[in-house]
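First, the structure itself, so that you have it in front of you.
Count residues from 1 along the sequence.
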Amino acid sequence: MRDPIIKQILEIFRQLKVVRPKDLAARGIPPVYLQRLCQSGEVIRASRGIYHTKKHEPSSRHLLALMAKRIPKAVVCLLSALELHDLTTHSPHKIWIAIHKRSRRPVDSDLPIRIVRFSETSLTAGVEEVSIEGIQVKVTSVAKTIADCFKFRRKIGEDIAIEALRDGLKKRKCTRDEIWKQSKICRVANVIRPYMESIG
């Protein structure tokens with residue numbers, strides 16, 4: 001007969017998909033049980049402090065799910081948000097995330113992340129949640145992403161910002177009013193205005 005605690009852990013994996021040791025600790029389960037499941041091959045260590053079962057099939061956005069589990073307050077932004085919204089032909093080598101300007105940098109992360117610091121207002125405005133592998137991932141909305149691209153155009157390239165603006169409107173993923181509202185929050189209204197007018 002199987003250990004009831006092991007059964008409980010596997011049920012937690014079934015519900016959460018991706019599990020951290022603290023998820024088990026919160027239920028009073030000692031870490032030794034997780035170690036046993038790893039040794040038996042039923043559970044796989046995907047990243048530092050991140051585990052999933054052998055049966056779990058990672059999606060193409062698996063790293064975003066791991067990042068959200070590891071850094072829950074982070075918001076996917078800029079190039080990574082553009083890719084998530086299908087607004088770029090560029091595939092970023094790192095996960096672009098926004099954190100509060102006063103937050104400590106995540107330590108010991110073996111995930112490929114690129115950090116941008118936002119103010120409180122900019123970090124909370126225009127943020128949505130998407131479910132990836134059962135994990136809620138925060139991401140900037142299409143309009144907020146476009147405004148951010150113009151704000152950080154020196155980091156990502158002005159051509160990418162212009163392409164995002166053009167495609168966002170062409171594909172009707174957001175409205176001009178939504179972009180205009182977010183450009184004011186990001187303080188790039190004067191920068192984005194001539195591009196908005198040229199698109200017509």
A side-chain contact here means heavy atoms from C-beta on lying under 4.5 Å apart; do His52 and Glu133 qualify?
no
Below 4.5 Å, heavy atoms only, C-beta onward: do His93 and Pro112 meet side chain to side chain?
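No. Closest side-chain heavy atoms not under 4.5 Å.
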Does a side-chain heavy-atom distance below 4.5 Å link Arg117 with Arg105?
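When only atoms from C-beta onward are counted, Arg105 and Arg117 do touch, with a gap below 4.5 Å.
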Could you give the side-chain donor-acceptor pairs of residues 140-152 under 3.5 Å, partners two or more places apart or in another chain?
unit_1 : atom_1 : unit_2 : atom_2 : d
Thr140 : OG1    : Thr145 : OG1    : 2.6
Ser141 : OG     : Gly126 : O      : 3.3
Ser141 : OG     : Lys144 : N      : 3.2
Lys144 : NZ     : Ser122 : O      : 2.9
Lys144 : NZ     : Ser122 : OG     : 3.2
Lys144 : NZ     : Asp148 : OD1    : 3.0
Lys144 : NZ     : Asp148 : OD2    : 3.0
Thr145 : OG1    : Thr140 : O      : 3.2
Thr145 : OG1    : Ser141 : O      : 2.7

Determine, stepwise, if the pair Val43 / Ile9 fulfils side-chain contact (heavy atoms from CB on, under 4.5 Å).
CA-CA 10 Å; Val43 166; Ile9 293 172; 5.7 Å; no
Starting from Ile44, can I reach Leu34 by hopping between I/L/V/M/F/W/Y residues whose side chains sit under 4.5 Å apart?
no
Contact between Glu42 and Leu10 at the side-chain level, heavy atoms closer than 4.5 Å - yes or no?
yes
Candidate pair Val137 and Arg61, rule side-chain contact (heavy atoms from CB on, under 4.5 Å), full reasoning
CA-CA 11 Å; Val137 179; Arg61 294 170 174 167; over 6 Å; no
Thr88 vs Leu79, test: side-chain contact (heavy atoms from CB on, under 4.5 Å). Steps then yes/no.
CA-CA 8 Å; Thr88 182; Leu79 298 182; 5.6 Å; no
Can you tell me which residue pairs pass the salt bridge (Lys or Arg N to Asp or Glu O under 4.0 Å) test with a partner in residues 185-196, sequence neighbours excluded?
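For residues 185-196, and leaving out neighbouring residues, there are no salt bridge (Lys or Arg N to Asp or Glu O under 4.0 Å) pairs at all.
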Using salt bridge (Lys or Arg N to Asp or Glu O under 4.0 Å) as the criterion, list what pairs up with Asp23, not counting sequence neighbours.
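Result, salt bridge (Lys or Arg N to Asp or Glu O under 4.0 Å) vs Asp23: Lys69.
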Could you tell me whether Glu178 and Lys181 have a side-chain N and a carboxylate O separated by less than 4.0 Å?
no
Crowded around Lys94 NZ? As in, over 12 foreign heavy atoms under 6.0 Å?
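At most 12 heavy atoms, drawn from other residues, nucleotides or ligands, come within 6.0 Å of this atom.
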Look at the side chain of Arg166 and the backbone N and O of Tyr195, then say whether any donor-acceptor pair between them is shorter than 3.5 Å.
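No; zero donor-acceptor contacts below 3.5 Å.
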Tyr33 versus Asp3: any side-chain heavy-atom pair under 4.5 Å?
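Tyr33 vs Asp3: side chains touch.
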Do Lys73 and Leu123 come within less than 4.5 Å of each other through their side chains, counting heavy atoms only?
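Result no, sub-4.5 Å side-chain heavy-atom pair not found.
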Kindly determine whether Trp180 and Ile192 satisfy side-chain contact (heavy atoms from CB on, under 4.5 Å), including the steps that lead there.
CA-CA 8 Å; Trp180 189 246; Ile192 207 169; 4.1 Å; yes
Lys173 side chain to Leu87 main-chain N or O, any donor-acceptor pair under 3.5 Å?
no
Flag the pair Lys170 / Ile199 as yes when at least one side-chain heavy-atom distance between them is below 4.5 Å, and no otherwise.
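The answer is no, as the side chains (C-beta and beyond) never meet within the 4.5 Å cut-off.
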State the CG-CD1 distance between Leu84 and Ile132, to the nearest 0.5 angstrom.
5.5 Å
Please report the closest heavy-atom contact between Arg20 and Arg70, naming both atoms and the distance.
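Closest pair (atom of Arg20, atom of Arg70, distance): NH1-O, 3.4 Å.
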